[in-house]
There are 2 protein chains.
Amino acid sequence: MDAAEIKKALEAGGLRCTPQRYAVMAFLMAQNSHPTAAEIFAAVNRVDPRSSRATTYNNLRDLVQAGLVREVAAEGRAARFDATGMRHHHFICDRCGGVEDVEWYAVPKPASRALGKRVLRECELIFRGLCAKCAPRPASR
Amino acid sequence: MDAAEIKKALEAGGLRCTPQRYAVMAFLMAQNSHPTAAEIFAAVNRVDPRSSRATTYNNLRDLVQAGLVREVAAEGRAARFDATGMRHHHFICDRCGGVEDVEWYAVPKPASRALGKRVLRECELIFRGLCAKCAPRPASR
DNA sequence: ATATCATTTTAGATATATTCTGAGTATTTG
DNA sequence: CAAATACTCAGAATATATCTAAAATGATAT
Ligand SMILES: [Mn+2]
Ligand SMILES: [Mn+2]
Ligand SMILES: [Zn+2]
Ligand SMILES: [Zn+2]
C-alpha cells in the first residue's frame with residue numbers, strides 16, 4: 001500500500017490525512033511487530049513532522065475505530081497495535097509478553113443460543129504459551 | 001468448592017492459605033461476574049481480616065500463576081479476574097467493556113507448522129460486539 | 001478571497017492502574 | 001528454640017492513558 005492508498009483508506013474511514021496520522025499509519029504498515037503507543041510515538045518523531053503524545057494516542061484511537069488498526073491488550077503491559085492487513089491470529093508469550101502473528105484459519109462461531117441478544121462483531125483467537133525465544137530455557141528468567 | 005477445598009487448591013499451587021489470599025479466592029469463586037482488582041480489594045475489605053491493596057495485587061498475581069484465577073485484559077480499562085472453574089469463552093462489549101461468559105466449545109488448534117518452536121499452553125477465544133444491554137440502542141451512549 | 005465552522009494538534013496537567021520499597025509479622029524448617 | 005522463608009502493609013513511585021483549553025489547520029460557504 002503506497003501513500004495514495006493510505007490517504008484513501010483514511011478518508012474512507014472519515015479521517016483527514018494529516019501528516020501525524022499518516023505517519024502513524026505508515027509506520028504500523030511497515031512493521032511486522034506489534035509496537036506500543038510509546039514506541040509508535042518515538043518512531044514517528046524520529047522523522048518530521050513532530051507529533052505530540054496526545055496526538056499519537058488520539059490517532060491510534062481513531063484508526064482503531066475506523067478499522068484500520070487493531071489493538072491488542074496484554075495483561076499489565078501497555079497495549080500493542082498492528083495494521084489490520086491480512087487476517088491473522090495472535091500468540092502472546094507468557095514470559096516476555098511478546099505478541100506474534102499466527103497464520104489465520106477459520107474459527108467456528110458460537111451457537112446463536114449461546115449468544116442470546118448480544119450482537120457479535122468478531123471472534124478473536126489468542127494463543128498463549130512460550131515464544132520460540134523463551135521456550136528452550138523454561139527454568140531461567 | 002468449600003473452605004477445605006480452597007485450602008487444598010492453594011497448597012497444591014505452592015501457596016499458603018493466608019486469610020487475605022483465601023478471601024480473594026473465595027470472593028472470586030462466589031462471583032459470576034468479572035471484578036477488577038479494585039473491586040476485589042473493596043470486597044475483601046468489607047469483611048475481616050483487612051487486606052492491603054498491594055497484598056490484593058500480589059495474591060491475584062500468585063493465583064493467576066498457580067492457574068486458579070484467570071486474568072482478562074481489556075483495552076484501556078483495568079484487568080478483570082475470574083476463578084477458573086468450568087471452561088468457558090468470553091464476550092467483551094465494545095461499548096461498556098463488560099466481560100461475560102460464553103459456553104465453552106472446542107477450538108481447532110493451529111497447525112504445528114504455524115506454531116514453529118513455540119510451546120502452546122492454551123487457546124483463548126474472545127468474542128467482541130455489543131452486550132444484550134448495549135445492543136438495542138446502538139446510537140445512544 | 002474572506003468569513004465561518006469543524007477538525008486536529010499541542011504541552012502539560014490529570015487520572016487511573018499497577019508495582020515497588022523496606023520494614024514488620026507469621027509460618028515453616030532444622 | 002533459632003533461622004530461614006513466606007507473607008503483609010502503607011505509602012511512594014512508576015506506567016499508561018486521557019483530559020484541557022488554546023492555537024493551528026483545512027474545508028465550505030459567501
Ligand atoms: Mn498482528
Ligand atoms: Mn469468565
Ligand atoms: Zn517470550
Ligand atoms: Zn455493553
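Below, read A as the first sequence line, B as the second, and so on, with proteins coming before strands; counting in each chain starts at 1. All values below were derived from every heavy atom in this structure, side-chain atoms included, with hydrogens, water molecules and symmetry-related copies excluded. All of these numbers come straight from a predicted model, not from anything done at the bench.
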Query - Residues B:R61, B:E71: salt bridge by 4.0 Å N-O rule - result: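 No salt bridge links B:R61 with B:E71.
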
Query raised in the report: Is any NZ, NE, NH1 or NH2 atom of the basic residue among B:K109 and B:E122 found under 4.0 Å from an Asp or Glu carboxylate oxygen of the other?
Result: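 No.
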
Query - Nearest-nucleotide 5' precedence on DNA chain C, A:Q20 against B:A37 - result: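 The residue mapped nearer the 5' terminus is A:Q20.
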
Touch class at under 4.0 angstrom, heavy-atom based, for [X] against every strand present:
X: A:A79; result: sugar-phosphate
X: B:T18; result: sugar-phosphate
X: A:A54; result: base
X: A:T36; result: nothing

Query raised in the report: For D:dC7, does OP1 or OP2 lie under 4.0 Å from any side-chain N or O of B:R21?
Result: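 Affirmative; the distance criterion is met.
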
Query - Residue A:S52, side-chain heavy atoms: nucleotide from C:dA6, C:dT10, C:dT19 that is nearest - result: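 Of all the options, the side chain of A:S52 is nearest to C:dT10.
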
Query raised in the report: Considering only side-chain heavy atoms of A:R16, which listed nucleotide, C:dT18, C:dT7, D:dA17, is closest?
Result: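 Minimum distance to the A:R16 side chain belongs to C:dT7.
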
Query raised in the report: Considering heavy-atom distances to DNA chain D, does A:A38 or B:L15 have its closest nucleotide positioned more toward the 5' end?
Result: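 Taking each residue's closest nucleotide, the earlier one in sequence belongs to B:L15.
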
**Report entry** Atom pair SG (A:C134) and CZ (B:R118), whose distance is rounded to the nearest 0.5 Å
**Finding:**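 Nearest 0.5 Å value for the SG-CZ distance: 12.0 Å.
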
When the distance from [atom1] of [X] to [atom2] of [N] is rounded to whole Å, what number comes out?
X: B:L60; N: D:dC7; atom1: CG; atom2: P; result: 14 Å
X: A:Y57; N: C:dT14; atom1: OH; atom2: P; result: 18 Å
X: B:R61; N: D:dA6; atom1: CZ; atom2: P; result: 13 Å

Query raised in the report: Side chain of B:R53, base of C:dT18: donor and acceptor closer than 3.5 Å?
Result: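 For B:R53, whose side chain was compared with the base of C:dT18, there is a donor-acceptor pair (under 3.5 Å).
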
Query raised in the report: Just by distance, do the side chain of A:H90 and the backbone of A:D101 share a donor-acceptor pair under 3.5 Å?
Result: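 Not a single qualifying donor-acceptor pair exists.
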
